[in-house]
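Take a look at the structure below.
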Amino acid sequence: MHNFRQLRIWIDSVELTKDIYLLTQKFSTEHRFGISSQLYRAAVSIPSNIAEGSARKSEKDFGHFLSMSLGSAFELETQLIIAEQCDLATDVNYQKLLVRVQALQKQIKAFSNTIA
């Protein structure tokens, strides 16, 4: 088993989730239960799946949860692109967030390869 609190992918995904939460607070109330909620749920899912998977008994099971975490990272990337294109928050550097999401995707893939 892995201590998820010590995994770089978990630490980075928690930091990203906090920033996504701050982003969603900038959206108007009409978007709170739409894309705002979707963004936050996708972001929260990344470290949550890493943590849950780390408690599994086999590396194969952990790999499955890492795969779900990676899927959530791609979902988050898509939702950020949509938020940017819809201009939901004008004072946000979406490209910086997207670069962080893409870096996290690479980290998760690389870590997954080490346990496979």
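Note that these values count all heavy atoms, side chains included, but never hydrogens, waters or copies made by symmetry.
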### Summary
NE2 (His64) and CD (Glu52) are apart, to the nearest 0.5 Å, by 9.0 Å

### Query
Do Leu22 and Leu39 belong together in a cluster built from hydrophobic side chains that touch within less than 4.5 Å?
no

### Query
Hey, does Leu7 have a side-chain heavy atom less than 4.5 Å from the side chain of Phe111?
yes

### Heavy-atom side-chain contact between Leu23 and Leu88 under 4.5 Å
no

### Task
State, yes or no, whether a side-chain contact exists between Leu76 and Ser72 at a heavy-atom distance under 4.5 Å.
no

Pairs under 3.5 angstrom only: tabulate donor-acceptor contacts from the side chains of residues 11-18 to other protein residues two or more places apart or in another chain.
unit_1 : atom_1 : unit_2 : atom_2 : d
Asp12  : OD1    : Arg8   : NH1    : 2.8
Asp12  : OD2    : Gln107 : NE2    : 2.9
Ser13  : OG     : Ile9   : O      : 2.9
Ser13  : OG     : Trp10  : O      : 2.9
Glu15  : OE2    : Lys18  : NZ     : 3.0
Thr17  : OG1    : Ser13  : O      : 2.7
Thr17  : OG1    : Ala43  : O      : 3.0

### Query
Just how far is it from atom OG of Ser112 to atom CD of Glu59, taken to the nearest 0.5 Å?
10.5 Å

### Query
Would you say the side chain of His2 lies within less than 4.5 Å of the side chain of Ile115, judging by non-hydrogen atoms?
yes

### Message
To the closest 0.5 Å, what do you measure between CD (Gln102) and CG (Leu80)?
### Response
10.0 Å

### Query
Are Val99 and Tyr94 co-members of a hydrophobic cluster defined by side-chain heavy atoms under 4.5 Å apart?
no

### Task
Measure the CD-CG distance between Glu75 and Leu70 for me, rounded to the nearest 0.5 Å.
12.0 Å

### Message
Membership question, hydrophobic clusters at under 4.5 Å side-chain separation (ILVMFWY): are Val44 and Tyr21 in the same one?
### Response
yes

### Query
Do any N or O atoms from the side chain of Ser69 and from the backbone of Ile46 form a donor-acceptor pair under 3.5 angstrom?
yes

### Query
Is there side-chain contact between Glu84 and Gln95, with heavy atoms separated by less than 4.5 Å?
yes

### Task
Please answer: with hydrophobic residues joined when any side-chain heavy atoms are less than 4.5 Å apart, are Phe27 and Ile82 in the same cluster?
yes

### Task
Report yes if some heavy atom in the side chain of Asn49 is under 4.5 Å from a heavy atom in the side chain of Leu66; otherwise report no.
no

### Summary
Residue set satisfying side chain to side chain donor-acceptor pair (under 3.5 Å) with Arg41, at least two apart, ordered chain then number -> Ser37, Gln38

### Task
Please round to the nearest 0.5 Å and tell me the distance separating atom CD1 of Ile20 and atom CD of Gln79.
9.0 Å

### Query
Between atom OG of Ser54 and atom CZ of Arg5, what is the distance when rounded to the nearest 0.5 Å?
8.5 Å

## Note on the structure
Sorted by chain and number, sequence neighbours left out, ring-ring contact (aromatic ring centres under 6.0 Å, His included) with Phe74 holds for none

